[in-house]
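Heads up, the thing below is written out as structure tokens.
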2 protein chains.
Amino acid sequence: MTDSPRRRPTLYDVAGAAGVSKSLVSLAIRGQAGVGDATRQRILAVADELGYRSNPWARSLVRGRSGSVGVLVGDLRGYAVDVVHGIEASADRHGVGVVLVDGRGDRDLLARGVERLGGFGVDGIIAVTGQIPVSAVRASAAPVVIVGRPDEVPDSASQVSNDDRLGARMAVHHLLGLGHRRIAHVAGSGRVAARQRASSYEQTMTELGLTPLVLGSVAELIGSDVTAVFCATDRIAAESMGAIIDSGRRVPENLSVVGYDDTQLATWVRPALTTVEQPRHLLGERAYAALAELQDGEPPRREVLPPSLIVRGSTAPVPANAR
Amino acid sequence: MTDSPRRRPTLYDVAGAAGVSKSLVSLAIRGQAGVGDATRQRILAVADELGYRSNPWARSLVRGRSGSVGVLVGDLRGYAVDVVHGIEASADRHGVGVVLVDGRGDRDLLARGVERLGGFGVDGIIAVTGQIPVSAVRASAAPVVIVGRPDEVPDSASQVSNDDRLGARMAVHHLLGLGHRRIAHVAGSGRVAARQRASSYEQTMTELGLTPLVLGSVAELIGSDVTAVFCATDRIAAESMGAIIDSGRRVPENLSVVGYDDTQLATWVRPALTTVEQPRHLLGERAYAALAELQDGEPPRREVLPPSLIVRGSTAPVPANAR
DNA sequence: TTGAAAGCGCTAACAT
DNA sequence: ATGTTAGCGCTTTCAA
């Protein structure tokens with residue numbers, strides 16, 4: 001036996017078995033023109049019989065690209081998943097594969113994730129996280145699009161994000177329309193998106209001649225005469241609602257609550273959460289488009305998409321006695 | 001200009017700039033023995049300066065493996081994420097990269113996902129879904145481990161799963177211990193795991209001399225004298241709880257509810273859900289171990305891990321008047 | 001310790 | 001329409 005017991009068949013093997021040259025097989029397999037019909041049939045039959053599968057490394061090596069993009073996800077548990085779906089939908093349409101690397105909310109892992117994707121030879125990277133380190137982006141050979149709001153966006157990268165300022169404004173105006181005047185804000189993390197939501201809340205309130213009240217936690221609300229809270233995230237809103245209910249008050253009868261992100265959580269809690277929805281799927285689609293542009297050599301750009309308000313059961317007109 | 005403006009430097013470039021041969025550079029970069037210390041320093045310095053990054057395709061092509069495993073996720077929204085974390089933790093420990101492909105709950109996509117991962121040249125595949133088509137697994141060149149309960153497990157694949165029968169039994173016994181006798185089950189999908197939960201529920205009830213009552217939806221409960229429901233999933237439990245509360249009854253005062261999976265949802269709803277927890281992280285770790293065994297040429301195997309019960313606020317002793 | 005050379009499996013430009 | 005050939009960038013013998 002000179003042959004190893006079960007080596008994967010190569011183009012060469014197929015060519016030998018079909019009695020043609022490697023190039024013909026290559027063309028036939030890829031469905032390219034330049035092969036006689038009869039020959040093509042024969043080649044495909046032989047390839048199939050031998051169980052031939054083209055070697056991705058060799059193909060990528062010679063072509064210089066892999067035909068797939070990498071997505072770096074900061075946290076697989078949040079709204080990022082829907083963004084990924086948007087990316088996948090667009091990529092599918094272009095016949096491009098998508099691979100994910102999970103950053104597990106850790107900056108180091110995120111940095112290594114960029115490297116790893118590079119090491120996989122993806123043709124581009126979309127980072128769905130606001131925590132991507134600039135240095136990692138700069139070091140990447142592949143073009144990078146960032147979905148979210150990192151502290152700093154490298155010049156070389158494109159960015160697609162939600163208009164957090166507008167979202168906060170929408171939330172306040174919704175409550176205002178329900179007659180609320182004493183509206184508090186429960187702030188989120190100190191990161192850019194959260195800061196923008198908070199500062200836009202403050203600005204909107206001030207512009208309306210109302211007094212902003214930014215809290216670190218809903219617990220600070222005890223004993224106050226606030227009638228509505230706008231929370232920086234659905235997560236915070238859900239926790240706040242739990243705490244409010246535990247403290248014996250009712251949502252929305254005594255207190256209205258608004259969240260941000262429209263995560264699944266928003267529909268699971270009772271009452272269901274009124275919330276500002278990021279256009280997640282669209283963010284993904286736009287991110288893919290931005291990456292394609294970058295790959296075509298167009299300059300990086302910033303794109304901001306407007307959110308929308310989803311009204312559910314957690315907000316109601318201000319109580320008569322508190323008006 | 002003969003050189004393209006900004007081609008990525010190769011081993012050859014580094015060798016030229018450092019005045020040594022390609023082989024030396026290769027050895028130096030990979031930290032292998034056989035290079036003089038001074039030479040190594042010089043080579044590394046030059047490589048760094050040129051911004052050299054080894055070409056993954058060429059390396060994999062010649063070595064015949066990629067040093068990473070692929071994970072196929074059926075649905076990024078469910079408990080799979082924690083399994084993935086378990087896989088990643090183990091893979092990290094072995095210096096192995098993990099890439100994810102999302103099946104979006106679609107059998108076709110799942111099948112193509114296996115191909116795509118194969119096309120990426122991963123050294124092994126872990127499918128975290130009960131929906132993976134057998135044919136796709138059979139066609140895979142890379143060894144496959146399945147986490148979950150597909151209808152059929154190919155002989156060539158290993159399987160790691162949760163003991164759904166035991167979990168259902170635990171749920172029933174917990175309710176029994178609280179004095180409940182009229183315990184209903186809200187069934188899930190018709191898939192294997194759900195069927196096992198249902199059938200184990202029935203068997204346990206029967207063994208205890210109680211009458212099993214399997215429902216398609218909690219709505220069928222209206223007007224019955226059931227005091228507790230065991231739901232096939234947390235999702236179903238949460239929906240059921242919502243419906244129960246909407247119908248004017250209280251959980252757990254009038255009706256106890258038990259879920260399955262211990263998803264995040266379980267802690268978000270009010271009252272928080274008593275639920276059967278799959279050892280998700282461990283499932284991931286064991287799956288990685290199983291894959292490593294397969295790669296070492298050991299035979300495939302089946303492993304079943306025991307779940308555990310998490311008691312929260314949705315279950316309470318049976319109401320006195322219903323005892 | 002170092003260098004030269006032979007591929008890995010494939011594509012693409014070039015012959016025929 | 002078909003075959004030949006020269007690499008892609010790397011690892012790995014094998015010589016020097």
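When reading the values below, keep in mind they use all heavy atoms of this one structure, side chains included, and skip hydrogens, waters and symmetry mates. Labels below follow one simple rule: chain letters A, B, ... track the order of the sequence lines, proteins then strands, and each chain is numbered from 1.
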Kindly point out which of [options] is positioned nearest to the side chain of [X]?
X       : options              : answer
B:Ser26 : D:dT12, C:dG9, D:dT2 : D:dT12
B:Arg63 : D:dT11, C:dG3, D:dC8 : D:dT11
B:Val20 : D:dT2, D:dG9, C:dG3  : C:dG3

**OP:** State whether a side-chain donor-acceptor pair under 3.5 Å links A:Ser158 with A:Arg301.
**Re:** no
Could you tell me whether [X] and [Y] have a side-chain N and a carboxylate O separated by less than 4.0 Å?
X        : Y        : answer
A:Asp92  : B:Arg104 : yes
B:Arg77  : A:Asp82  : yes
B:Glu152 : B:Arg191 : no

Between [X] and [N], is there a side-chain N or O to OP1/OP2 distance below 4.0 Å?
X       : N      : value
A:Thr10 : C:dG9  : no
A:Arg30 : C:dA12 : yes
A:Ser23 : D:dT4  : no

Original post:
Across the strands shown, which category fits B:Ser60 at heavy-atom distances under 4.0 angstrom: base, sugar-phosphate, nothing?
Top reply: nothing
Original post:
What is the nucleic acid contact for B:Gly36, judged by heavy atoms within less than 4.0 Å: base, sugar-phosphate only, or nothing?
Top reply: sugar-phosphate
Atom [atom1] of [X] to atom [atom2] of [N]: distance rounded to whole Å?
X       : N      : atom1 : atom2 : answer
A:Leu24 : C:dT16 : CG    : P     : 17 Å
A:Leu50 : C:dG9  : CG    : C1'   : 15 Å
A:Ile29 : D:dT2  : CD1   : P     : 15 Å
A:Asp13 : C:dC10 : CG    : C1'   : 13 Å
A:Leu11 : D:dC8  : CG    : P     : 19 Å
A:Tyr12 : C:dG7  : OH    : P     : 12 Å

**OP:** Please name the pair of heavy atoms, one in B:Leu283 and one in B:Leu305, separated by the smallest distance, quoted to 0.1 Å.
**Re:** CD2-CD2, 3.7 Å
**OP:** Starting from the first five and the last five pairs of the helix from C:dT1-D:dA16 to C:dT16-D:dA1, work out the angle between the resulting helix axes, to 10 degrees.
**Re:** 40°
Original post:
Does the side-chain contact (heavy atoms from CB on, under 4.5 Å) test come out yes or no for B:Val128 and B:Leu72, once each step is laid out?
Top reply: CA-CA 6 Å; B:Val128 188; B:Leu72 195 59; over 6 Å; no
Original post:
B:Val84 pairs by side-chain contact (heavy atoms from CB on, under 4.5 Å) with which of B:Ile126, B:Val147, B:Leu100?
Top reply: B:Leu100
Original post:
Hey, is CG on B:Asp296 packed in by over 12 heavy atoms from elsewhere, all under 6.0 Å?
Top reply: yes
Subject >> CD/A:Glu298: more than 12 non-hydrogen atoms of other groups inside 6.0 Å >> reply: yes
**OP:** Taking only heavy atoms on the protein side, list every residue of residues 51-58 of chain B lying under 4.0 Å from any atom of DNA chain C, sorted numerically.
**Re:** none
**OP:** For B:Gln32 and for B:Leu61, locate the closest nucleotide of DNA chain D by heavy-atom distance; then report the residue assigned to the nucleotide nearer the 5' terminus.
**Re:** B:Leu61
Original post:
How are the rings of B:His94 and B:Tyr288 set to each other: parallel, tilted or perpendicular (split at 30° and 60°)?
Top reply: tilted
